[in-house]
Amino acid sequence: MEQKEDLLKDIISHAKEYGFVFPSSDIYDGLAATYDYGQLGSELKNNIKQYWWKSMVQMNENIVGIDAAIFMHPTTWKASGHVDAFNDPLIDNKDSKKRYRADVLIEEHMEKIRQKINKEVEKASKKFAEAFDEAQFRATNPNVLRNAEKIKEIEDRMRTTLENNDLEGVKTLIEDLEIVCPISGSRNWTEVRQFNLMFSTELGSVAGDASTIYLRPETAQGIFVNFLNVQKSGRMKIPFGIAQIGKAFRNEIVARQFIFRMREFEQMEMQFFVRPGDEMKWYNHWKAARLAWHKALGLGDKYYREHDHIKLAHYANAASDIEFDFPMGFKELEGIHSRTDFDLKQHEQFSGKKLQYFDPELNQNYVPYVVETSVGLDRMFLAVMSASFKNEKLEDGSERAVLSLPAQLAPYKVAIMPLTKKDGLPEKATEILNDLRFDFNCQYDEKDSPGKRYRRQDAIGTPYCVMVDHQTLEDNTVTIRDRDTMLQERVAISELRAKIDEKVSWRNLLSK
Ligand code: GAP
């Protein structure tokens, strides 16, 4: 098994080598935490978007999609709370000059204690084998209990200090926990400061406060301000949802780990408008539905875990993350938030316009409550890449790099190859290509030996390779090779479309 640190490095270089992801403005040595998606990366990204859009919008009668502008009226961000409260608590280490998010330092410290507990449980599980009762062990073992109590204490202190914006308290907590800078190893910390994450720019040619606008830090507000437009024009009845895919921008201070944390990224968000009082029912519904959506990709259930928030965003009364086991460990992939009626009420207040719904069943007007699902497209991309990328040792001693992408997400579904460049084989292969490309994204490949061509397709995740050989000219059959099993079978050309479709059709994935 490849070491996890090496895995991220390998994925980054594989992504560059095969045209998935490049550092942005590479010829100028790149721009920190900014990346470009290449010719295969944009196909994979589009397929992830399609998976989300199809299952969210097209498979749900009561969810519709929009595409709002990135620039919004500046009051939007005053109303949403982002101007005043979209901050990260930052702390610098005076020796290494590195900047950290104070809450992340504390979270990481708690994670280390959690790992101690897990090791203790693992040890006991090995010792007692089948007789091991994990729940009982966790409830009674003194070391586990002591560490669990420590975590709880830290969580409580972190929540109280952050909720009260007690930055001195946050620093004291870091000092009390004896947290050291991972680079310098020292505890020489600055004060904790709040830093607003929104990028601002000027609208038009006149500078000044009145013309300052922000690059949206989330797509959600474009949905809130369009709530009534969509509800009225679409005659939507509560409960209903509005979905959107689009760019968001945050001036992340600690932007690193490849495309995991970027300053320009894409979100796939859905706001589900419900009756006040129904929000916890829908919150639980969407938590389960979103986890099932991720797991349906078949990357492996072990990659996912849920994490309920301690520190709630200024708009939420409940929030949970779906975390993914990235090469850097378990980290947030998607957030599910119960946002109450905070946003719509704020927009009512700041715009002076009513944002209410008349519920014919209750015969009353109300401001709906909102349950939000928000997944980072780039993080989905990294999750899919990192779970799919493998360096495999084959039986004959050779190695292959393979991306075992879910077939629906693969950039190309099939590569069509003539065995040689002569004897009419390229013409026959082109004929097949020209037919299949109406249904699937196909690649034509005639360069190098068949073995090399198979390896190339494995490395970019193409589920099938079709080889056109001399027998094809005689009986209209080809061989079709499966990326994962590497087995080849001979099939009639007339059966190709159905065979490929069986594997790559959206129906298979969406009906799971
Ligand atoms: N509208 C709610 C919202 O924006 P969030 O938890 O701040 O909530 C939602 O962000 C998702 O957006 C995250 O789960 C993550 O997948 C993605 N995301 C957030 N910041 C990101 C960044 N700097 N780079 C890449 N993805 C990011």
Side-chain angles (χ1 to χ4, degrees), residues 49-69 72-73 76 79-80 216 218-246 267-294 296 313 315-320 322 334-375 506-507 510-512:
K49 283 190 206 177
Q50 273 208 54
Y51 176 38
W52 188 85
W53 192 266
K54 278 178 188 291
S55 68
M56 197 53 103
V57 178
Q58 296 174 352
M59 302 295 291
N60 279 304
E61 254 162 65
N62 58 347
I63 300 181
V64 291
I66 64 164
D67 185 10
M72 300 183 69
H73 192 286
T76 309
S80 68
R216 66 182 178 196
E218 61 170 11
T219 61
Q221 298 304 323
I223 293 178
F224 289 124
V225 300
N226 277 299
F227 160 69
L228 265 195
N229 284 340
V230 173
Q231 191 271 319
K232 290 214 149 86
S233 60
R235 290 173 288 119
M236 307 300 291
K237 287 200 170 55
I238 271 179
F240 74 91
I242 306 179
Q244 170 164 227
I245 300 177
Q267 290 185 316
M268 304 190 286
E269 297 201 298
M270 191 277 296
Q271 313 294 321
F272 202 68
F273 299 90
V274 304
R275 266 185 200 163
D278 278 358
E279 72 272 16
M280 288 320 283
K281 180 181 92 186
W282 285 109
Y283 170 71
N284 288 322
H285 164 87
W286 282 110
K287 262 177 79 168
R290 294 305 301 148
L291 189 59
W293 180 88
H294 286 283
Y315 49 73
N317 70 355
S320 180
I322 294 174
E334 169 153 7
I336 294 102
H337 311 120
S338 172
R339 289 181 82 128
T340 67
D341 54 1
F342 174 86
D343 301 87
L344 289 180
K345 277 221 164 116
Q346 287 291 103
H347 288 305
E348 272 200 331
Q349 196 190 322
F350 279 74
S351 68
K353 311 262 165 47
K354 279 217 171 316
L355 293 175
Q356 302 194 353
Y357 171 79
F358 176 73
D359 191 325
E361 281 173 35
L362 300 181
N363 198 25
Q364 89 185 47
N365 279 306
Y366 54 77
V367 176
Y369 270 47
V370 172
V371 174
E372 165 185 76
T373 72
S374 174
V375 57
W506 286 109
R507 177 183 282 267
L510 295 169
S511 58
K512 272 190 195 165

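This is a predicted model, so every value here is computed, not measured.
- The stretch residues 220-241 participates, sequence neighbours left out, in no salt bridge (Lys or Arg N to Asp or Glu O under 4.0 Å) pair at all.
- Thr340 is linked by a side-chain hydrogen bond (donor to acceptor under 3.5 Å, both in side chains) to nothing, counting only residues two or more places apart in sequence or in another chain.
- Scanning both residues, Leu355 and Leu344, for their nearest heavy atoms gives CD1-O, 3.7 Å.
- Looking at residues two or more places apart in sequence or on another chain, you find a side chain to side chain contact (heavy atoms under 4.5 Å, CB included) between Lys354 and Glu348, Gln356.
- Smallest separation of non-hydrogen atoms from Gly222 and Asn226: O-ND2, 2.8 Å.
- In this structure His294 satisfies the ring pair (Phe, Tyr, Trp, His ring centres under 6.0 Å) test together with Tyr304, sequence neighbours excluded.
- Remark: Lys281 engages no residue in a side-chain hydrogen bond (donor to acceptor under 3.5 Å, both in side chains) (not counting sequence neighbours).
- Taken from OH in Tyr283 to OH in Tyr369, the straight-line distance is 15.5 Å, to the nearest 0.5 Å.
- Side-chain contact between Asn317 and Glu279: present, with at least one pair of heavy atoms (C-beta onward) separated by less than 4.5 Å.
- Atoms OG1 and NE2, from Thr373 and His337 in turn, are 9.5 Å apart once rounded to the nearest 0.5 Å.
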Residue pair Phe227, Phe273: steps toward the ring-ring contact (aromatic ring centres under 6.0 Å, His included) verdict: CA-CA 9 Å; Phe227 160 69; Phe273 299 90; 4.7 Å; yes

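- Taking the side-chain hydrogen bond (donor to acceptor under 3.5 Å, both in side chains) definition, one finds that Asn60 meets it with nothing, sequence neighbours left out.
- Interatomic distance, Met59 CE to Trp506 CH2, rounded to the nearest 0.5 Å: 12.0 Å.
- For Ala79, the side chain to side chain contact (heavy atoms under 4.5 Å, CB included) test picks out Gln346, His347, Phe350, with sequence neighbours left out.
- The CZ atom of Arg216 lies 8.0 Å from the CE atom of Met72; values are rounded to the nearest 0.5 Å.
- Other residues, nucleotides and ligands place more than 12 heavy atoms under 6.0 Å from the NZ atom of Lys512.
- The shortest distance between side-chain heavy atoms of Met56 and Trp293 does not fall below 4.5 Å.
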Distance-only check: which donor-acceptor pairs under 3.5 Å involve side-chain atoms of residues 238-246, not counting sequence neighbours?
residue: Gln244; atom: OE1; partner: Ala68; partner atom: N; Å: 2.6
residue: Gln244; atom: NE2; partner: Thr219; partner atom: O; Å: 3.1

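- Summarising the geometry of Val57 relative to Gly65, their closest heavy-atom pair is CG1-N, 3.8 Å, with the distance given to 0.1 Å.
- Here the OG-NZ distance, from Ser338 to Lys287, works out to 11.0 Å after rounding to the nearest 0.5 Å.
- Residue pairs satisfying the salt bridge (Lys or Arg N to Asp or Glu O under 4.0 Å) criterion with at least one member in residues 366-375, sequence neighbours excluded, are listed as follows: Arg339-Glu372.
- When the side-chain hydrogen bond (donor to acceptor under 3.5 Å, both in side chains) test is applied to Arg275, the partners found at least two apart in sequence or on another chain are Asp359, Glu361.
- For the pair Met236 and Tyr357, the tightest heavy-atom approach, listed with the atom from each and the gap, is O-CE1, 3.8 Å.
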Step-by-step side chain to side chain contact (heavy atoms under 4.5 Å, CB included) determination, Phe342 to Val370: CA-CA 9 Å; Phe342 174 86; Val370 172; over 6 Å; no

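- Judged as a side chain to side chain contact (heavy atoms under 4.5 Å, CB included), and not counting sequence neighbours, the contacts of Gln364 are Leu362, Tyr366.
- The backbone N or O of Ala220 sits less than 3.5 Å from a side-chain atom of Glu269, completing a donor-acceptor pair.
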Test side chain to side chain contact (heavy atoms under 4.5 Å, CB included) applied to Ile223 and Ile66, step by step: CA-CA 8 Å; Ile223 293 178; Ile66 64 164; 4.0 Å; yes

From CA spacing to verdict: side chain to side chain contact (heavy atoms under 4.5 Å, CB included), Gln50, Trp53: CA-CA 5 Å; Gln50 273 208 54; Trp53 192 266; 5.8 Å; no

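- Scanning for side chain to side chain contact (heavy atoms under 4.5 Å, CB included) contacts around Ala289 gives His285, Trp286, with sequence neighbours left out.
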